[in-house]
Student: 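Encoded as structure tokens, here's the structure I'll be asking about.
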Amino acid sequence: MSSTVVSSSDLPSDLWRLSAVEAVGLLRAGKVSPLELVEAAVQRIADTDPHLNAMPTLCLERARDHARALMDRPEAPEGMWLGGLPIAVKDLEDVAGVRTTYGSPIYADHVPETSDHMVERLEARGAIVIGKSNTPEFGAGASTFNEVFGKTRNPWNVAKSVAGSSGGAAAALAAGQVWLATGSDLGGSLRTPASFNGVIGLRPSPGRVPRGPKELPFQTLSVGGPMARTAKDTALFLDAMSGHHEGDPLALHEPEESFLASLESRRRLPKRVAFTADLGCLPVAREVAEICAAAARRFAEHGIAVEEATPDFTDALETFQVLRAALFAAEMEPILAEHREHLKPEVIWNIEKGMALSAVAIGRAEQARGALYRRMTAFFETYDLLLCPAACVAPFAVEERYVSEVEGHKFDNYVDWLAHCAAITITSCPALSVPAGLTAEGMPVGLQIVAPPRGEAAALTGALLLEELTGLHDHLPVDPRGVP
């Protein structure tokens with residue numbers, strides 16, 4: 001790739017409107033340079049982020065230097081090559097030499113010397129990190145605000161929440177600041193913000209995307225994954241970030257066929273899918289349930305049988321809460337002991353909940369998780385996909401810390417409203433949120449598509465089919481709306 005590459009005269013002036021697949025195609029063909037895309041992203045961030053606060057930390061000179069280095073390469077390497085495409089990295093993931101705060105005042109001035117395994121892989125495959133996307137403190141909570149950078153606002157309506165914890169990533173994508181963005185997901189942190197911002201967030205199988213180095217490398221609740229504006233863009237990004245890594249003991253090898261190739265060939269078309277608005281036991285806002293049910297019925301237009309059915313998730317939320325609390329205690333007890341005064345109350349509650357658990361309680365939760373996994377695999381012997389809402393509500397006011405009540409059901413903590421995603425987390429099945437429709441207020445609602453274990457290709461195919469039927473991806477990118 002030569003540094004003398006220049007754009008062709010027929011290139012659009014608003015490069016930020018391109019899909020990632022389109023942009024990478026132009027990069028590979030030499031019709032646009034990495035530096036031109038960096039500058040397009042820089043300008044779009046400057047135009048929109050004062051209203052959103054999605055990308056509070058930028059590393060522009062680092063990005064420009066990386067772009068020039070890629071342009072000086074004589075040839076692009078083989079493999080999942082992104083060709084110099086600028087991306088956002090969530091502020092939970094280390095980028096060497098770039099301020100990484102984890103959304104916490106404890107790490108407000110932290111600059112890591114090395115990058116996360118996923119970031120290293122993406123940069124080796126031609127991604128250019130342009131900045132860090134905002135996240136709640138330590139990714140805890142599904143509304144993106146913290147004491148370091150403040151609130152992130154929704155580009156569809158700046159008075160609304162972007163959810164979390166990958167809220168900055170989702171907002172940056174929806175506004176066209178970047179073409180792709182990394183995220184992570186424990187109880188819905190890729191899927192819930194995708195729902196609130198009208199983009200796609202895919203929680204892959206544990207091990208699909210290498211992460212680390214981590215103190216708990218064998219845990220399977222939290223995973224890294226891709227966010228994008230279209231199904232094909234998501235597949236492209238998953239290809240670039242996945243594959244075996246010696247630093248992650250759970251890392252899976254790349255599939256024989258790339259996710260993008262599988263999507264384009266449509267080899268995994270579903271024949272029979274199940275839909276449930278409430279997973280049999282969970283509260284959900286009526287408008288959200290209606291939008292998701294209507295979206296699920298549209299699969300019939302592809303000749304796919306759509307039936308109302310669900311595995312038994314009765315004990316899933318309690319199981320998730322126990323295992324999540326145990327993870328918080330294992331990871332963060334030392335931080336609580338040393339920096340309690342700097343932690344938000346929700347984080348303190350979660351850590352202390354975990355510290356109070358008995359070995360018997362944790363063991364029973366693991367047994368319940370195993371039983372749910374067996375119910376899921378049995379369910380997928382009948383159905384190809386499970387469809388349900390990605391969030392129980394549509395975007396709420398940005399000032400709210402979390403949802404406290406839905407349809408008369410009151411939640412007693414900051415996590416329970418995420419149950420539609422959390423219940424799927426403990427199955428280890430891959431799942432994504434794809435735009436399903438808009439509320440009467442014009443806010444996005446996401447449909448969660450759950451596939452059998454290690455079935456990311458099937459979930460992406462389902463997203464592509466719905467995307468083609470609704471055309472909702474054509475609404476993106478959006479200029480920030482509701483700006484005073």
Side-chain angles (χ1 to χ4, degrees), residues 18-28 78-83 85-88 118 121-122 125-127 166 169-170 173-174 178-185 190-191 194 198-210 223-244 251-270 299 302 384-385 390 429-435 446-474 476:
L18 295 172
S19 71
V21 169
E22 291 170 337
V24 169
L26 292 174
L27 285 164
R28 290 174 176 172
E78 297 293 327
M80 307 305 176
W81 181 241
L82 293 177
L85 186 72
I87 67 168
M118 176 178 65
R121 170 155 294 170
L122 288 170
R125 290 179 170 178
S166 307
L173 283 168
V178 289
W179 292 264
L180 299 170
T182 73
S184 58
D185 189 304
L190 278 156
R191 293 161 286 167
V199 299
I200 295 178
L202 189 158
R203 175 193 165 88
S205 306
R208 180 65 70 194
V209 175
V223 301
M227 301 190 84
R229 289 193 287 269
T230 71
K232 288 185 178 180
D233 286 0
T234 309
L236 171 76
F237 204 26
L238 183 59
D239 282 328
M241 63 172 57
S242 62
H244 184 67
L252 302 171
H253 288 281
E254 296 170 5
E256 292 184 5
E257 182 179 46
S258 76
F259 293 108
L260 183 57
S262 176
L263 194 61
E264 292 176 333
S265 68
R266 298 174 185 253
R267 295 186 194 278
R268 290 172 174 79
L269 287 172
F299 279 85
H302 281 292
D384 298 305
L385 299 170
C429 291
L432 59 79
S433 177
V434 60
L447 180 72
Q448 187 173 194
I449 299 180
V450 186
R454 293 169 294 284
E456 287 87 354
L460 285 163
T461 298
L464 178 65
L465 297 180
L466 186 61
E467 183 177 275
E468 292 173 343
L469 288 167
T470 66
L472 289 171
H473 61 290
D474 292 335
L476 299 174

Student: For H244, which residues count as a ring pair (Phe, Tyr, Trp, His ring centres under 6.0 Å) partner, sequence neighbours excluded?
Tutor: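 Counting only residues at least two positions away or on another chain, H244 forms a ring pair (Phe, Tyr, Trp, His ring centres under 6.0 Å) with H253.
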
Student: Which atom pair, heavy atoms only, marks the closest approach of T230 to T234?
Tutor: O-OG1, 2.7 Å

Student: Please identify each residue that fulfils salt bridge (Lys or Arg N to Asp or Glu O under 4.0 Å) with E264, with sequence neighbours left out.
Tutor: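 By the salt bridge (Lys or Arg N to Asp or Glu O under 4.0 Å) rule, E264 matches no residue at all.
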
Student: Once side-chain hydrogen bond (donor to acceptor under 3.5 Å, both in side chains) is applied, do any residues pair with R125, and if so which ones, sequence neighbours excluded?
Tutor: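 R125: side-chain hydrogen bond (donor to acceptor under 3.5 Å, both in side chains) contacts with E254.
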
Student: Partners of A23 by side-chain contact (heavy atoms from CB on, under 4.5 Å), sequence neighbours excluded?
Tutor: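 In terms of side-chain contact (heavy atoms from CB on, under 4.5 Å), with neighbours along the sequence ignored, A23 is linked to L18, L37, L85, W179.
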
Student: With sequence neighbours excluded, tell me which residues meet side-chain hydrogen bond (donor to acceptor under 3.5 Å, both in side chains) with E456.
Tutor: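 Expected list: S205, R208.
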
Student: Return the set of residues passing salt bridge (Lys or Arg N to Asp or Glu O under 4.0 Å) with R229 (not counting sequence neighbours), or none when no residue passes.
Tutor: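 R229 satisfies salt bridge (Lys or Arg N to Asp or Glu O under 4.0 Å) with no residue once adjacent residues are dropped.
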
Student: Please give me the minimum heavy-atom distance between I200 and A463, naming the atom from each residue.
Tutor: CD1-CB, 4.5 Å

Student: Identify which one of T470, D474, L469, L476 satisfies the side-chain contact (heavy atoms from CB on, under 4.5 Å) criterion when paired with L472.
Tutor: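 Testing each of T470, D474, L469, L476 against L472, the sole residue satisfying side-chain contact (heavy atoms from CB on, under 4.5 Å) is T470.
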
Student: For S258, check side-chain contact (heavy atoms from CB on, under 4.5 Å) against everything at least two apart and list the hits.
Tutor: M80, D239, L260, A261

Student: Can you check whether E468 reaches H302 side chain to side chain, under 4.5 Å on heavy atoms?
Tutor: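 The answer is yes; the side chains approach within 4.5 Å.
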
Student: Identify the heavy atoms of A127 and L82 that sit nearest to each other, and give their distance.
Tutor: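 A127 and L82 have their closest heavy atoms at CB-CD1, 3.8 Å.
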
Student: Check G183 against S166 and note the closest heavy-atom contact, atom names and distance.
Tutor: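 Minimum heavy-atom separation between G183 and S166: CA-OG, 3.5 Å.
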
Student: Pair F237, L122 - check side chain to side chain contact (heavy atoms under 4.5 Å, CB included), show working.
Tutor: CA-CA 9 Å; F237 204 26; L122 288 170; 3.5 Å; yes

Student: Once side-chain contact (heavy atoms from CB on, under 4.5 Å) is applied, do any residues pair with A390, and if so which ones, sequence neighbours excluded?
Tutor: S195, S433, Q448

Student: Is the shortest heavy-atom distance from the side chain of E257 to the side chain of S265 under 4.5 Å?
Tutor: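 A side-chain contact under 4.5 Å exists here.
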
Student: Could you tell me which residues satisfy side-chain hydrogen bond (donor to acceptor under 3.5 Å, both in side chains) with T182, sequence neighbours excluded, listed by chain and number?
Tutor: E93

Student: Within this structure, what is the CG-CZ distance for the pair L432 and R191, rounded to the nearest 0.5 Å?
Tutor: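 Separation between the atoms: 9.5 Å.
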
Student: Could you report the tightest heavy-atom contact between A228 and L180, atom names first, then the distance?
Tutor: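 Closest heavy-atom pair between A228 and L180: CB-CD2, 3.7 Å.
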
Student: Of the options L202, L238, L236, which is the one that meets F259 in a side-chain contact (heavy atoms from CB on, under 4.5 Å)?
Tutor: L238

Student: The test is side chain to side chain contact (heavy atoms under 4.5 Å, CB included); show your working for R203 and S184 and say whether it passes.
Tutor: CA-CA 8 Å; R203 175 193 165 88; S184 58; over 6 Å; no

Student: Name all residues meeting the side-chain hydrogen bond (donor to acceptor under 3.5 Å, both in side chains) criterion together with E22; count only those two or more places apart in sequence or in a different chain, and write none if there are none.
Tutor: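 Checked E22 against side-chain hydrogen bond (donor to acceptor under 3.5 Å, both in side chains); matches are S19.
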
Student: If every non-hydrogen atom of I87 is compared with every non-hydrogen atom of V178, which pair is closest and at what distance?
Tutor: C-CG1, 4.0 Å

Student: Can any side-chain N or O of R454 pair as donor or acceptor with the backbone N or O of L252 at less than 3.5 Å?
Tutor: no

Student: Only counting residues at least two apart or in another chain, list the ones meeting salt bridge (Lys or Arg N to Asp or Glu O under 4.0 Å) with R121.
Tutor: none

Student: Holding to side-chain contact (heavy atoms from CB on, under 4.5 Å), I want the full list of residues that pass it with P270, two or more places apart in sequence or in another chain.
Tutor: V273, I304, D384, L385, T461, L465

Student: D185 side chain to V223 main-chain N or O, any donor-acceptor pair under 3.5 Å?
Tutor: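 Not a single qualifying donor-acceptor pair exists.
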
